[in-house]
Amino acid sequence: MSQTEIPAGLADVPVTKTAISDIDGKNATLFYRGIPVQVLARESSFEETSWLLLKGDLPTQRELANFHFDLRSRRKVHYRLLEALKNFPESGHPMDALQASVAALGLFYPSRNVSDAAANWEASLRIIASMPTLVAAFARLRSGEMPIEPHPDLDHAANFYYMLFGKEPSASVRKVIDACLILHAEHHMNASTFTARVAGSSLANPYQVIAAAVGSLSGPLHGGANEEVLEQLKEIGSPDRVQAWLEQKRASNPSFKVMGLGHRVYKVKDPRATVLQDLAERVFAESTRPILYDVAVELEKACLPIYGPKGVFPNVDFYSGVVYSALKIPTDLFTPIFAIARVSGWLAHWFEQLQNNRIYRPDAPYIGKQNVTYTPLEKRP
Ligand code: COA
């Protein structure tokens with residue numbers, strides 16, 4: 001294969017088959033195990049959706065009750081891991097803290113033999129249950145506050161909010177967080193999922209697999225875009241400035257990109273953006289409607305006639321940042337929350353990879369120098 005035949009970013013190159021999720025970018029559909037994500041966001045919970053992704057089918061009532069119990073009983077992390085988090089620099093990015101502490105979980109709860117199905121399931125429960133605790137603990141410790149112990153009576157979404165703020169969320173806030181977790185739980189063969197599968201293919205332990213995926217998600221071309229959307233909306237400031245801002249940006253840079261718009265697969269509005277917008281409107285109806293939301297709505301309208309004909313529409317990040325910021329969640333926790341959700345998808349792909357594993361070892365045609373003579377150091381200028 002010549003170099004020119006290799007699609008940049010492996011676009012459209014199949015790397016494996018999967019039964020976990022499916023996207024139709026033309027018709028704005030996303031299915032988890034055959035169920036539309038809109039239905040799950042409306043009807044399901046993050047826990048139930050995680051089971052669906054991991055096991056392939058919706059749980060029975062008993063299975064779901066046991067899964068809830070299993071997760072809740074693994075939320076606390078070892079006190080020495082909290083001590084380690086205390087010693088991280090408070091200026092450090094929470095994604096770096098999350099990656100390091102997920103890898104460190106494997107020191108406290110080792111699970112090295114990936115041919116042991118029971119150990120793999122145990123590690124998966126531990127990782128899903130611990131990630132909100134690790135994110136919330138670091139967020140508090142860096143501001144000089146003590147971590148809050150997990151609340152045994154709250155579900156995954158409400159407990160995360162509780163550990164962050166020390167109070168329970170209202171029913172509508174709980175629902176919006178839960179739906180955000182569901183909407184971000186899985187998205188086919190994206191960079192971090194592929195990373196998880198590649199790391200898993202070497203039979204690395206599950207903590208290392210997830211730490212690798214967290215690292216991949218941290219980049220601004222992947223999980224980091226929602227932070228940039230919020231900065232953009234803040235820069236615009238108010239809905240009446242949208243038009244002038246857009247014209248000025250486009251005039252000064254012909255290849256200017258509106259953050260939160262466009263997607264490699266979706267050529268219509270991302271179905272997750274539509275669900276998020278509906279949920280956001282419900283939350284805002286009960287409290288103050290943030291000005292940044294109005295800016296986002298106005299920006300979407302202004303962009304439609306310009307970018308719509310190119311198939312460039314709002315993606316999931318366009319509204320998620322506004323929702324999180326309205327909940328007073330710090331901007332640099334947006335990507336860690338994405339990771340708290342996506343871990344279920346990563347683990348589902350890890351299990352799928354192990355079912356029929358062969359280590360990834362793709363080709364890369366050599367295009368470098370040939371037959372170079374080694375010149376001893378003393379003879380080099
Ligand atoms: N703003 C303005 N124009 C955009 C755009 C955006 N956000 N996204 C794509 N376009 C334009 C491209 O410039 C290109 O125009 P051209 O045909 O005149 O050159 C056309 O739409 C097709 O886009 P393309 O470059 O093929 O998209 P891609 O699949 O390579 O890239 C993204 C997809 C997501 C990387 C890209 O849309 C982007 O950078 N979006 C902003 C960042 C973002 O929101 N990322 C989160 C993704 S979930």
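We count ligands from 1, going down the list as the structure has it; atoms in each ligand are counted the same way.
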Exercise for the section: Examine Tyr307 against ligand 1 and note whether any of their N/O atoms are separated by less than 3.5 Å. Expected result: no
Practice task
Check the angle between the aromatic planes of Tyr162 and His151 and answer parallel, tilted or perpendicular using the 30° and 60° thresholds.
Solution key: perpendicular
Problem - Arg380 NZ/CZ over Tyr374 ring centroid, <6.0 Å and within 45° of normal - result: yes
Exercise for the section: Give the residue and atom name of whichever protein heavy atom lies nearest to atom 23 (O) of ligand 1, and the separation in Å to one decimal. Expected result: Val312 CG2, 4.7 Å
Practice task
For atom 6 (C) of ligand 1, state whether the nearest protein heavy atom is under 4.0 Å away.
Solution key: yes
Practice task
Look at atom 16 (P) of ligand 1 and find which of Glu228, His187, Lys310 reaches it with the closest heavy atom.
Solution key: Lys310
Exercise for the section: Show which atoms of ligand 1 fall inside a sub-4.0 Å distance from at least one heavy-atom site of Gly260. Expected result: 43 (C), 44 (O)
Handout entry: Test of proximity, Leu261 against ligand 1: N or O pairs below 3.5 Å
Key = yes
Practice task
Mark up the atoms of ligand 1 that fall under 4.0 Å of a heavy atom belonging to Phe256, in ascending order.
Solution key: 2 (C)
Practice task
Check the side chains of Ser143 and Glu90 for a donor-acceptor pair under 3.5 angstrom, ignoring hydrogens and angles.
Solution key: no
Practice task
Quick one: look up the protein heavy atom nearest atom 1 (N) of ligand 1 and list residue, atom name and how far away it is.
Solution key: Val258 N, 2.9 Å
Practice task
Counting heavy atoms only, name the option from Arg272, Arg264, Lys267, Lys257 that's nearest to atom 12 (C) of ligand 1.
Solution key: Lys257
Practice task
Please determine if Met259 has a nitrogen or oxygen closer than 3.5 Å to a nitrogen or oxygen of ligand 1.
Solution key: no
Practice task
Using the ring-ring contact (aromatic ring centres under 6.0 Å, His included) rule, pick out the option among Tyr32, Phe338, Phe194, Tyr266 that qualifies with His187.
Solution key: Tyr266
Exercise for the section: Go through the steps to decide whether Glu186 and Arg33 satisfy the test salt bridge (Lys or Arg N to Asp or Glu O under 4.0 Å), and finish with yes or no. Expected result: CA-CA 10 Å; Glu186 161 63 10; Arg33 301 283 189 186; over 6 Å; no
Handout entry: Other residues, nucleotides, ligands: >12 heavy atoms within 6.0 Å of Lys267 NZ
Key = yes
Handout entry: Residues Arg241, Glu298: salt bridge by 4.0 Å N-O rule
Key = no
Exercise for the section: Ignoring hydrogens and angles, state whether a donor on the side chain of Asn113 or Ser111 is under 3.5 Å from an acceptor on the partner side chain. Expected result: no
Exercise for the section: Using non-hydrogen atoms of the residue, decide whether Val316 is closer than 4.0 angstrom to ligand 1. Expected result: no
Exercise for the section: Compute both the distance and the angle, then confirm whether Arg289 meets the cation-pi test with Phe284: under 6.0 Å from the six-membered ring centre, within 45 degrees of the axis. Expected result: no
Practice task
Considering heavy atoms of the protein only, find what lies nearest to atom 45 (N) of ligand 1 and give residue, atom and distance to 0.1 Å.
Solution key: Ala225 CB, 3.6 Å
Handout entry: Shortest protein heavy-atom distance from atom 47 (C) of ligand 1, along with the residue and atom involved
Key = Asn315 ND2, 3.6 Å
Exercise for the section: Show which atoms of ligand 1 fall inside a sub-4.0 Å distance from at least one heavy-atom site of Asp317. Expected result: 46 (C), 48 (S)
Problem - Identity and separation of the nearest protein heavy atom to atom 34 (C) of ligand 1 - result: Gly262 O, 3.5 Å
